[in-house]
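The structure presented is a predicted model; accordingly, all values stated were derived computationally and were not measured.
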Amino acid sequence: MDASLHQILLAFWRQMDTEKNWGRRVFYGLLLAGLAVALWFMPNMTARLIIIWCVLAACAVGFWIALFINLMQQNQPQAARLVPGHLRRLRQAVLLAWLVPSCALGLLIWFTTMQVVSLPFVLLCATTIAFCTAWAQRYWVATLLLIFGPTFLGSLHQRERWAPLWRALADAWGQQPWAWLVVCLVIMGWLLTRSFGSGDAAHRAFYARRQRMQKAALDGMTGNRAGIAIFGRPGEWLGRPFDKVCAAWLAHLLARARPRQASVMARAEIALHGLQHWLRQLLGLSLTVLCVGLGFAMTFALVGHATAMGLKSGAFGIAIGLSAAGFNPGFALHNMLWHTRREQALLALLPGMPQGRALNQALARMQLRHFLVASALTTSLLLVVVQLAGQPALLCLPIAALPIGVLSLMRPPAAMRAPTGWSASKPVLGFFLLAGVLWGLCTWLDDLVWPLAGISLMLSATLMAWRWRAISQAPSALPAGRAA
């Protein structure tokens, strides 16, 4: 490996922020502690091996995604067009970074499974997964193939009309597995190299769009989440109904505007919370439920009787998705006050706008109402999943979210500082860590869910009463950070 290729591959590691390693160490320490607890509670060695394989696969995929994203960033249009050999080195680097980790992971799985599955098939699966995840980073629409592709292929495998095709493919693979593996690797490798542009107009447009998406992702780490319009024309088309509904709600509030606290705070909420407004969150949660419902409807139409088994096996993933859509936006409400400080100076001049202690209490009530209503709706959906899947331990997610949300929102806005990626992620990490501990306890001890729910309610009420006094005595909330 020559020096230039070596520097290209190590760029993603050298460009990391080395001044905040303690946050990463805490995060990795918590992950290792959670993994150790999960392995301890597993009933047998087979389950432990499955968890270890999943963790190793997740680490390998995460390493590959980070490296691929960095290589895409190095594929600047000016460098690809003007620097001799730069594009060729990038394509060589992506092939090397794709083949080595995925083949190493495939070999590890092959050895640990006692060579039950043939080595060419394991290598094909590992390299295909790595290829699909990279393609999803290049074209976000390809993510849909990762979500619905396995279900669609599994349904085709069960259809009688496709049986001759599957038998022909199996026979061809069985006769020459290594030759077919080489053919598949050549095709996927060629497609990976074609994902790097040569500096033409299409490459420049794609690179500019990707830079906007990366900036939006960095802003989203501090709570300032961007809309789906950053995905281009498909995002604008998908976000148009959201914009129309929110515009209609704003027109309704303006038509009924009165110099009273309820009317003023309802209008101020649109400016204070921005894209985290309760109406947008409700529409987003509804879209999530619709996508999950359509996915199950498609699965039932294609697979049929296996849907109930798939629901039980996939209930944990569904619960995590619903919790992320329902609870996580509530954790970001407090940080949105920092990103809307420009508007807050004008909001203070609204007729009927409360001031001082009244403003602090009105703002706290508004954010708590937002979070509690979203939590109630999400908990109702999780109850449906629990009833269908028969897994009451999934209720640990709303049990853990309630005190974390109250503690996160009941902070004086006047004393807040500029949010960082670490400060914005602490409520989410605390939520999932607490939920994981409670889930382990409920799996270990039966009938522990409802006592934990009672403890969560009492703890949340205590935290709310304690923080309410501090908020009432704090300086005026707006503009946020004025007393920091």
Nearest 0.5 Å, please: how far is [atom2] in [Y] from [atom1] in [X]?
X: N335; Y: S408; atom1: CG; atom2: OG; answer: 7.0 Å
X: L395; Y: L438; atom1: CG; atom2: CG; answer: 11.5 Å
X: T133; Y: W98; atom1: OG1; atom2: CH2; answer: 11.0 Å
X: L250; Y: D243; atom1: CG; atom2: CG; answer: 12.0 Å
X: S375; Y: L397; atom1: OG; atom2: CG; answer: 11.5 Å

Is [Y] close to [X] at the side-chain level, that is, under 4.5 Å between some pair of heavy atoms?
X: L282; Y: L377; result: yes
X: H273; Y: Q281; result: no
X: L95; Y: M188; result: no
X: Q367; Y: L337; result: yes
X: T378; Y: P398; result: no
X: L123; Y: W178; result: yes
X: R81; Y: H203; result: no
X: L124; Y: W180; result: no

Of all the heavy-atom pairs spanning [X] and [Y], show the shortest one and how long it is.
X: T379; Y: F327; result: OG1-CZ, 4.3 Å
X: L67; Y: A97; result: CD2-CB, 3.1 Å
X: A134; Y: L192; result: CB-CD2, 3.9 Å
X: Q276; Y: P329; result: OE1-CB, 3.3 Å
X: T127; Y: C103; result: CG2-SG, 4.2 Å
X: F431; Y: S323; result: CZ-CB, 4.2 Å

Item to complete: For F131, check ring pair (Phe, Tyr, Trp, His ring centres under 6.0 Å) against everything at least two apart and list the hits.
Response: W135
Worksheet item: What residues, two or more places apart in sequence or in another chain, satisfy ring pair (Phe, Tyr, Trp, His ring centres under 6.0 Å) together with F371?
Response: F331
Main-chain N/O of [Y] paired with [X] side-chain donor or acceptor, under 3.5 Å:
X: N75; Y: A80; answer: no
X: R280; Y: C246; answer: no
X: Y207; Y: Q73; answer: yes
X: T340; Y: L272; answer: yes
X: S456; Y: L452; answer: no

Item to complete: I would like to know whether R194 and R91 meet side chain to side chain contact (heavy atoms under 4.5 Å, CB included); could you show each step before the answer?
Response: CA-CA 8 Å; R194 293 304 99 185; R91 289 174 173 173; 2.9 Å; yes
Practice prompt. Assess whether side chain to side chain contact (heavy atoms under 4.5 Å, CB included) is satisfied between F196 and H86, documenting all intermediate values.
Written response: CA-CA 11 Å; F196 288 82; H86 179 70; over 6 Å; no
Fill in: Sole residue of L185, I187, V186 in side chain to side chain contact (heavy atoms under 4.5 Å, CB included) with V183
I187
Discussion item. I need the single residue from N328, I404, L433 that forms a side chain to side chain contact (heavy atoms under 4.5 Å, CB included) with V428. Which is it?
Written reply: N328
Fill in: Candidate pair V245 and L279, rule side chain to side chain contact (heavy atoms under 4.5 Å, CB included), full reasoning
CA-CA 8 Å; V245 173; L279 185 56; 3.8 Å; yes
Item to complete: Under the side chain to side chain contact (heavy atoms under 4.5 Å, CB included) rule, what do V122 and L107 come out as? Steps first, then yes or no, please.
Response: CA-CA 8 Å; V122 175; L107 288 172; over 6 Å; no
Item to complete: Over 60° means perpendicular and under 30° means parallel, so classify the ring planes of W64 and F68, tilted if in between.
Response: tilted
Worksheet item: Does atom CZ of F121 have more than 12 heavy-atom neighbours, drawn from other residues, nucleotides or ligands, at distances under 6.0 Å?
Response: no
